[in-house]
Amino acid sequence: MSNGVTAYLVRLRHNALPTTLRVIGVAVLLAILLYLPYVLQFRSIFGVRLSNMQLLNIGLSQVNLTLISIIGAVSLNYLTGCAGLVSVGHAAFFALGSMVAAATGMHLKLPFLATLVAAMLAGAMAGVVAGLPSLRVRGLYFVLSTLAIHFIVVFVFAEYQYAFHDVTGVAVGDAKIGSFEIDSGIKWYFFLLPITVLSCLLMRNTLFHREGRAVLAMRDNELAAAAAGIDVRILKLKVFAFSSAFASLAGALQAYYLSNVAAEMYSLNFAIQFIAIIIVGGMGTIGGGVIGAIVWLLLPSILMGAATEVKSGPGDFASFLLAHRPQIVNLIFGSIVALILIFAPHGIAGFLRPLWQRMIGGLPWRGRT
Amino acid sequence: MLSQFIFSGLALGSIYGLVALGFTVIYKATQVFNFAQGMLMVCGAYFAVTASIHLGLPFPLTIAFILVGAGILGIAIYFLLIKPLGGQALLPMIMITIALSIILRAVIELIYGGAPLTLRLPLPSGVFVLGDVRISQLHVTAAVVSWLCMLLFIVFFRRSRAGLLMRATADGYEAAVLSGIRVDRINAAAWAIGTMLAAIGGVFLCQLQLVSVELENIGLLALPAVVIGGLQSVPGAILGGLLVGLIEQLASGYISPKARDIFIYVPLLLILFIRPWGLFGQKELGRV
Amino acid sequence: MVEALLSVDRVEMRFGGIVALHGVSFEAKRGAVTSVIGPNGAGKTTLFNCITGMYQATSGRVLFNGRDITGLRPHAIARTGIARTFQNIALFGGLSVLENLKIGAYRHGTSGLLEGSIFAPRAQRDEKAAQRHAQDILDFLMLSDIAGKKPSELPYGVQKQVEFGRALMQGADLILLDEPMAGMSRGEKETLVQLIRRVQSTLGLTFLLVEHDMPVIMDISDHIVVVDFGRKIAEGVPAEIQKNDAVIAAYLGA
Amino acid sequence: MITTGKTRLRAVFIGTLLGLGACVADAMAFESPQDGVYTDRIDWGMTADMSGPASAAQAPWGHGFQTAIKAINEKGGVNGRKINVLTEDTRYDATVERVAYDKFVSQTPTLGTSGMGNSSAQTALVPLIKRNKLPVIGTYTTAKVAIDPPTPYFYGGFCGFKEMAQVGIGFFTDHLKLQSPKVALVHLDVASGKEYSSYVEAAVTARGGTVKSIPIKVVAADATPQVLEILAMKPDYVAIHGVPTTAILVIKAMKQYGIDVPAFAITYLGTPGVYENLGPDAGKNYYFVSCFSPASSDPKAAAEMAAAADKAGFGPLKDDINFVAGWVVGTTVAQAIAKVGAEPTREKLADMLNAGFTANTSGLSSELKYTAADHEGLHGLKPLNYDYSAKAFKSYGDYKDFDKYLK
């Protein structure tokens with residue numbers, strides 16, 4: 001019997017909080033997640049009305065869009081952080097997902113949920129194609145191949161849009177499950193939350209099993225991974241397909257949420273935003289993608305809200321600040337990214353992880369960098 | 001038609017080549033794939049605005065101001081952002097340049113406002129007529145100056161002591177440290193030169209168009225140019241730039257302007273498959 | 001006479017104009033420890049890379065278990081039952097010691113990413129088997145206490161042992177060790193020598209070593225192959241090699 | 001992994017109960033939504049691209065809007081209340097536009113909103129605008145689906161592409177005394193460019209002419225290919241759709257290749273910046289059609305706006321067509337609120353506009369009139385260009401003179 005390893009596992013468990021506390025923790029988290037949309041919708045907590053700044057200038061649709069972005073960010077983090085394949089073409093899969101959802105809905109008359117599945121399948125297939133260059137080139141050259149793929153997909157999207165849809169964009173159908181239409185913020189929230197949690201869990205679970213662990217090994221040392229019998233080339237394509245399927249799902253969900261998407265939306269900046277998210281959040285961890293997406297999508301709004309509140313102060317300076325709010329928010333934001341890169345290379349998740357581990361002892365969001 | 005396209009393609013390509021060259025210099029020295037190259041180009045245009053409109057400097061001093069400003073900017077970027085990050089993985093290095101471009105854009109808009117500005121430098125603006133072909137003097141000037149800068153750089157790189165040190169540093173960081181080269185200085189110089197080259201490109205582009213942060217998008221065409229040419233190759237960057245300029249003009253002229261991206265990025269993908277080290281780069285030896 | 005598990009037949013390796021290996025041939029007998037020695041730059045690691053598929057030999061053949069494995073890709077060769085360690089330790093820095101070992105069990109599993117994501121029974125089975133096996137190996141190597149540590153937290157010698165453990169996890173018939181003693185202290189070397197002996201006797205595995213430490217080589221090897229400048233210059237049992245003039249010349253000359 | 005199944009189930013159960021309890025507590029305390037009307041102020045939303053790719057045009061629009069409201073507030077506001085503009089910078093991003101819209105509906109409720117200068121986002125929002133009943137008054141661009149048929153609660157605020165094409169083609173065809181005009185159309189290869197292209201085609205074909213549509217990229221660095229096509233076609237005049245940079249590239253290249261025919265551009269391109277960049281040589285043949293009057297083209301009508309702009313520090317913008325458009329929308333919004341009466345609500349506001357409303361834009365625009373059948377508002381346009389010696393915009397007649405071209 002292996003006493004040492006068992007001892008290690010037992011130690012993990014003993015560091016954890018007592019079971020009752022853990023139950024309370026999970027219960028509170030769940031209660032907050034369930035209650036959150038109502039707080040944001042009615043702008044009040046237990047009947048006490050809250051001001052906009054007390055709610056950090058955040059609204060329900062921002063939270064919904066953040067949930068969608070979490071799927072996108074975590075899938076990129078899976079590809080880039082866990083498998084070491086740096087991609088700047090992630091927006092392409094968003095575009096593809098929305099295009100396929102619209103096309104299967106319009107031309108094949110598939111119902112809403114079926115179009116989501118179709119988008120995932122198409123994303124997986126396109127992921128294999130986009131992953132092909134990884135067999136030939138690596139590092140920076142691979143990054144550039146994903147850049148090329150981005151431009152090509154967006155071009156195809158634009159051609160599709162002009163050929164089959166309105167000039168202002170691709171209209172996707174209503175989000176209907178049977179006769180139930182998802183048409184309000186709260187409905188969307190309760191539809192997106194489980195999908196997002198499930199997507200994150202699915203990606204996380206792989207890392208604790210055979211092939212997912214091999215993905216991490218491949219990232220750390222390709223040669224040694226091959227020497228252990230891992231077919232690195234096939235695995236890269238699989239990871240690409242897996243990650244792209246989720247990115248396409250996010251793209252399709254976003255398209256349904258907005259009800260109309262245009263090729264112009266999927267700019268290079270859109271893709272770069274996801275890279276920024278995983279860097280800010282922390283590379284190679286599921287939690288990093290989640291935290292990064294939350295910070296990246298909600299922080300500007302908080303900053304903007306705070307900037308609006310700053311009305312007093314030395315006259316000219318305050319009015320200068322007020323007139324240039326967006327630029328100042330950008331400046332602060334760019335600087336935060338730079339500071340995180342320099343001083344916290346493992347992102348916010350890397351920063352929080354020691355605290356988190358001490359608190360609950362286990363390794364719930366496996367930490368890897 | 002064809003000769004017309006080729007002339008304007010070469011002229012534009014020369015500007016791209018210049019920006020791409022700056023990119024390559026930075027990449028060779030510090031291994032940073034600079035997504036902010038387009039924004040550095042924009043900075044050149046705004047330096048020109050400050051010198052010429054705000055300070056009212058005469059033209060030669062304006063040029064000097066732009067070069068000095070760009071040089072200082074490059075050095076500052078190296079010491080503030082690139083050096084502290086030294087030797088990190090690919091992605092953080094890419095991201096820091098993206099953060100840099102966000103910051104530069106915000107600063108430019110804070111200083112100059114978001115609206116495009118008009119800047120008129122005393123550069124030739126007439127037209128040469130050669131038979132059927134009409135060539136803008138501004139295009140010719142841009143091409144000639146770009147080629148001069150490239151030549152100057154190549155002479156500097158091949159012949160001068162600083163150029164030698166720069167090449168030595170590019171070839172091996174540790175070896176350079178061991179042999180007593182002050183790597184920081186060399187790297188900072190590379191950033192200064194890279195920024196200056198981009199700035200000159202920016203001055204010409206803002207003469208062809210307006211002074212605006214949106215010029216960044218055009219500067220980003222230097223990216224495919226360097227890849228097509230081969231990241232490490234100085235002549236490759238120049239030729240890559242020319243090629244992108246020609247493709248742009250011919251594809252827009254004969255097919256459709258929309259097709260431009262496809263005609264640039266599909267060959268890029270092919271090149272990555274067939275000659276991943278670029279048309280003019282050298283194959284890097286490495287194990288699979 | 002025991003049959004050859006691995007036979008290297010006139011393997012030649014060129015890099016552009018440089019010839020790193022000039023048609024080297026030798027055999028590794030089943031259940032034996034065979035060592036490849038030679039001065040620095042003699043082509044020992046190149047030979048290893050040719051055997052394991054990291055390099056594509058320019059000509060020649062490699063037979064393993066009677067099967068021609070020339071030209072197979074590294075992972076395919078690993079799957080035929082050859083495990084290896086690397087000259088500069090190649091552990092997976094992001095994984096714990098336990099997980100590093102579990103990677104060794106990769107070739108025994110069959111479950112894929114999707115099965116892993118949904119805790120499919122097959123994925124669970126693979127995981128349990130890997131966990132058991134890894135625990136056994138850790139116990140065998142007496143490394144159980146460091147199961148949760150990251151490689152970077154461990155001393156050099158221990159890292160080498162972990163890498164050795166990962167090779168054992170692969171359940172291979174042949175294990176290639178590339179300078180396993182390099183950078184180790186006297187005591188660590190002795191531990192490893194005993195370990196190799198123990199593995200050899202209890203599990204009946206075959207070893208192929210590249211090593212510099214002459215006393216260790218002479219002590220542990222059943223058979224020694226000497227290469228210099230890409231050519232095999234001698235071959236035999238340790239006693240013969242110690243007396244061989246060509247070998248002495250190569251070492252003294254170098 | 002560590003929590004056992006049973007305890008986890010218990011946690012989920014307790015959590016669900018807690019959450020549901022909280023929701024019930026909240027539902028009890030649910031207040032009726034206010035429409036952004038308070039005792040001393042009215043909140044009004046405004047979205048524009050203030051820092052993104054379209055900010056060169058939309059930021060002046062936003063400043064014009066803010067300046068108009070500021071001027072009205074300084075005169076005491078509307079029926080005793082000040083109008084408080086909540087500005088959201090959308091950076092030309094459809095998702096941000098959506099967030100901003102939702103924000104004005106219930107997060108920081110406003111009486112209505114203006115701006116919304118992204119036609120894709122606008123198209124996406126049309127179903128929501130119908131459902132949420134938040135009036136959108138005075139948009140920077142007007143998507144076809146929003147006004148045809150009229151969307152309840154949606155009222156445009158900019159010259160329409162269709163009218164621009166009709167007036168431009170009509171005026172230049174008559175001005176140059178052409179029977180069947182040959183027109184070259186340079187347009188962006190994006191959505192709005194395609195739309196404009198179809199209107200120009202219709203207008204030219206109606207006059208028995210021919211049109212060649214030549215696309216150009218938003219980030220073009222050079223317009224040689226486009227101008228060579230123009231050269232090959234030898235058109236009577238050129239129509240231009242685009243952004244300021246593409247317009248400048250085309251006009252400059254036309255001059256380079258010696259093409260000496262007039263060109264008229266869409267309203268958005270009639271800014272002093274474009275004329276300044278072109279210079280008198282290339283600029284004298286460059287016209288644009290507009291439903292707004294830059295300050296210098298009609299100083300008398302613009303007196304109040306000019307004074308307010310100077311006071312707010314936006315003096316240099318008063319000749320910018322976008323600033324004027326923002327100002328016109330700002331004054332329209334204030335007049336509409338004033339007309340609804342002392343206690344405005346979203347519903348009353350939309351009902352009033354739908355019943356018929358004409359804004360007094362004091363000559364800064366053509367007639368701005370909403371009816372049940374017409375939510376577009378502005379229709380009349382006139383051609384303008386820039387007089388470099390007088391340093392002022394010059395219009396070729398009055399808006400009414402060109403109504404004959406509208407169909």
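In the text below, chain A, chain B and the rest are named by the order of the sequence lines, each starting its count at 1. Basis for what follows: all heavy atoms, side chains included, without hydrogens, waters or symmetry-related copies.
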- Item | When B/Ile264, B/Leu85, B/Ile262 are compared by non-hydrogen pairs under 4.5 Å with chain A, the top option | B/Ile262
- From B/Phe33 atom CZ to A/Leu140 atom CG, the distance as rounded to the nearest 0.5 Å: 5.0 Å
- Task: Side chain from CB out, backbone as N, CA, C, O: work out which of these in A/Leu144 comes under 4.5 Å of a heavy atom of chain B, or both, or neither.
- Result: both
- Task: Using non-hydrogen atoms and a 4.5 Å limit, figure out which bit of A/Val156 sits close to chain B: side chain, backbone, both or neither.
- Result: neither
- Task: Please examine the side chains of A/Pro133 and B/Leu272, heavy atoms only from C-beta on, and report whether any two atoms are closer than 4.5 Å.
- Result: no
- Side chain proximity check, A/Phe155 to B/Asp261, heavy atoms < 4.5 angstrom: no
Give every donor-acceptor pair under 3.5 Å between a side-chain atom in residues 244-252 of chain B and any protein atom, sequence neighbours left out.
unit_1	atom_1	unit_2	atom_2	d
B/Glu248	OE1	B/Tyr16	OH	2.6
B/Glu248	OE2	B/Arg260	NH1	3.1
B/Gln249	OE1	B/Ser8	OG	2.9
B/Gln249	NE2	D/Asp222	OD2	3.1
B/Ser252	OG	B/Glu248	O	2.6

- With sequence neighbours left out, write down each residue that passes side chain to side chain donor-acceptor pair (under 3.5 Å) with A/Tyr160, or none if nothing qualifies. A/His107, A/His165
- Note on the structure: Counting heavy-atom pairs under 4.5 Å with chain A, the top scorer among B/Leu110, B/Leu268, B/Leu269 is B/Leu110
- Query: A/Lys238: what forms a side chain to side chain donor-acceptor pair (under 3.5 Å) with it, not counting sequence neighbours?
  - Reply: A/Glu211
- Message: Heavy-atom cut-off 4.5 Å, strictly under: side chain, backbone, both or neither for B/Ile274 against chain A?
- Response: backbone
- Note on the structure: Counting heavy-atom pairs under 4.5 Å with chain B, the top scorer among A/Val137, A/Ile279, A/Asn330, A/Val337 is A/Ile279
- Item | B/Ile271 versus chain A, the contacting section by heavy-atom distance below 4.5 Å | neither
- Output, in order, the C-alpha distance, side-chain angles, deciding distance and verdict of side chain to side chain contact (heavy atoms under 4.5 Å, CB included) for A/Leu147 and B/Tyr265. CA-CA 8 Å; A/Leu147 186 73; B/Tyr265 285 101; 4.2 Å; yes
- Query: By number, which residues in residues 91-105 of chain B have some heavy atom less than 4.5 Å away from chain A?
  - Reply: B/Leu91, B/Pro92, B/Ile94, B/Met95, B/Ile96, B/Ile98, B/Ala99, B/Ile102, B/Ile103
- Message: As an exercise: rank A/Val154, A/Ile152, A/Ile340 by heavy-atom pairs under 4.5 Å with chain B and give me the winner.
- Response: A/Ile152
- Query: Taking atom CG of A/Leu331 and atom CD of B/Glu109, what is their separation to the nearest 0.5 Å?
  - Reply: 11.0 Å
- How long is the gap from CZ on B/Phe35 to CD1 on A/Ile272, to the nearest 0.5 Å? 5.5 Å
